[in-house]
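Structure first, commentary second.
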Amino acid sequence: MISPELAARIRRLHFAEHWKVGTICSELSVHHDTVRRALTLERVSGTGVKSVRPTLLDAYKGFIQATLEAHPRLTAMRLFHMVKARGYVGGPLQVRRYVRTVRPTSRAEAFLRRSTLAGEEAQVDWGHFGTLSVGNTRRPLCCFVMVLGHSRALYARFFLDMTLESFLRGHVLAFQALGGVPRALLYDNLKSVVLERAGDAIRFHPRLLELAGHYHFAPKPCAPYRGNEKGKVERTIRYLRDSFFAARTFSGVDDLNAQAARWAAEVAHARQLPGDVTGRTVATALEEERPRLLPLPAHPFPTDVVRPVASGKTPYVRFDSNDYSIPHTLVKKPLTLVASETRVRVLDGSEEVASHPRCFEKGRTLEQPGHLAALADAKARAHELRGRDLLRASCQQAEGFLAALAQRDLSLSHHTAQLLKLLTLHGARALDEALAEALRKGAVSAPAVAHLLEQRARRQRQPPPLTVVLPDDPRIAASRTRPHSLADYDRLLNKDSADDDSTR
């Protein structure tokens, strides 16, 4: 493309000064094709009106302009499909080029500066600050921010989630730190604030309405896509990110919140009040605004997580991807879980049955030693009772023998375990006879019964019972073998002895 200035100079040197093309190329450092193109240009001094060739889009330009006036943000591709449905046979490139020239330019919107009376309004929002490693888990690091509209005093609190309970807890802590409650709180359209909206008809979250009723403030969501209405809290989050969080080191969220509180008192509230010409600081303006804030109620609003829970077959309830132990007697029973920032409690009605420190990792199991010990005792007791039932079912004399053991104040569990081993080694009939003999002789103990069984085996010349010890491999324990007759081995032994006699 040759600029008009260059083209005019080339034509003057050629037609007025009669320079040759090569001389012009050397003088102006241009290609000879550029010089020839400039010499063949027409209408250099004309009216500037260019000839326009008709295009396939000409019949649809009026429709495109009218549509763009009604819908300025409509894309060129959408307009292409609209004119194509009306008979346009060209391609989308011509539509794009034409839309670029006729699309209405957006005018910059002017906003009024919002001035807020003392104690009248505060703005609230969440800020995202990446993630934080908590043990084996990465948790989102979020900051609840509230800023008073008049004094620009701020409250910032970091959380490891953006749940409704953390949102409500941020309000309660902010009111306590600022020393009062503003009459209105301005929000973005968060799910923790607005459940549903149709124009000016708003359905607030019921928990937020409970909070507002407790502290007597009015919740005010800003209009959709109007973030400028809460520009003070947006600028405060950016100020917090640049002045406090950047390049800061901390050991955990508690340490970070302690540092944020010190920074707010020593830096944020010590700065000059924005837009103030008298030189007041934010801290001074906050002291002037506090008498205008609504007083705090006698009791803070409860912000703990409260939800119904029930365990499965194991004595644990799950909360936030972790398992917390409960007494084994409450398995599969409906309970109530109450979780704060520091503790997780389980209630049976109004009675607290378990309390654990809250864990922000995931996949952890938190247990109270008493819960496990009670379960182990119950299992051992159940095993002991099952052993006694087996003895009673196998031997008629077991009931009287166990009663005699109890009268002598002997350990039933220990003697029951030994009698079950004797039952396995000698069989039910032999054990029943030994129990009867032990009762007649007054020798009521498992060792006495074992001694009687050994004497009986010697009299009958029986081999001593052998305990079969198998490895822990479950395949071996589950295998079954078919017993074979030993008479063939006896015949072989008899035959060998007969052959030995004949050879002698």
Side-chain angles (χ1 to χ4, degrees), residues 1-11 30-31 33-114 123 125-128 130 140 162 186-191 193-203 220-235 237-238 241-242:
M1 199 60 191
I2 306 174
S3 64
E5 293 81 2
L6 180 61
R9 188 176 181 185
I10 291 173
R11 293 177 69 83
V30 295
H31 198 269
D33 288 341
T34 304
V35 176
R36 291 192 180 95
R37 195 178 303 115
L39 297 178
T40 57
L41 286 176
E42 298 179 358
R43 302 180 302 278
V44 172
S45 59
T47 60
V49 178
K50 299 180 180 179
S51 61
V52 180
R53 293 181 299 173
T55 64
L56 298 174
L57 193 62
D58 289 344
Y60 304 94
K61 289 181 178 179
F63 170 78
I64 293 176
Q65 291 182 4
T67 305
L68 283 175
E69 290 177 1
H71 308 282
R73 300 173 61 88
L74 210 60
T75 64
M77 283 304 297
R78 178 61 188 137
L79 289 168
F80 165 70
H81 290 297
M82 293 174 70
V83 296
K84 185 178 180 181
R86 288 165 173 78
Y88 174 65
V89 295
L93 184 59
Q94 289 186 354
V95 178
R96 286 199 187 99
R97 290 174 177 172
Y98 182 69
V99 169
R100 194 180 301 123
T101 61
V102 299
R103 183 187 295 278
T105 57
S106 57
R107 293 178 297 177
E109 185 178 359
F111 299 98
L112 294 173
R113 176 176 292 179
R114 297 191 60 188
Q123 298 180 10
D125 203 358
W126 282 106
H128 298 269
M162 290 177 60
L186 190 62
Y187 301 97
D188 203 347
N189 288 271
L190 304 170
K191 285 296 183 183
V193 179
V194 178
L195 293 181
E196 189 177 2
R197 181 168 190 162
D200 293 333
I202 300 173
R203 185 163 69 92
K220 292 183 178 180
C222 23
Y225 310 107
R226 290 288 179 175
N228 60 285
E229 294 184 3
K230 58 180 185 64
K232 294 176 182 177
V233 70
E234 298 284 356
R235 289 190 296 272
I237 293 175
R238 185 167 62 249
R241 195 184 305 276
D242 298 336

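For R238, there are no salt bridge (charged side-chain N to carboxylate O under 4.0 Å, His left out) partners at least two apart in sequence or on another chain. With sequence neighbours excluded, the residues that form a side chain to side chain donor-acceptor pair (under 3.5 Å) with T55 are D58. Taking the side chain to side chain donor-acceptor pair (under 3.5 Å) definition, one finds that E5 meets it with nothing, sequence neighbours left out. Judged as a side chain to side chain donor-acceptor pair (under 3.5 Å), and not counting sequence neighbours, the contacts of R203 are E196.
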Can you list, pair by pair, the side-chain donor-acceptor contacts under 3.5 Å of residues 62-83, counting residues two or more places apart and other chains?
residue	atom	partner	partner atom	Å
Q65	NE2	Y98	OH	2.5
T67	OG1	F63	O	2.7
T75	OG1	R78	N	3.2

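More than 12 heavy atoms of other residues, nucleotides or ligands shown are found within 6.0 angstrom of CZ on R103.
When all heavy atoms of T34 and I10 are compared, the closest pair comes out as O-CD1, 4.4 Å. Between K232 and Q123, the shortest heavy-atom distance links the atoms N-OE1, 3.2 Å. In plain terms, the two heavy atoms of A38 and A7 that are nearest each other are CB-CA, 4.1 Å.
Each of V194, D188, L186, L190 was compared with P221 under the side chain to side chain contact (heavy atoms under 4.5 Å, CB included) criterion, and only V194 meets it.
The list of side-chain hydrogen bond (donor to acceptor under 3.5 Å, both in side chains) pairs with a residue in residues 82-96, not counting sequence neighbours, reads Y88-Q94.
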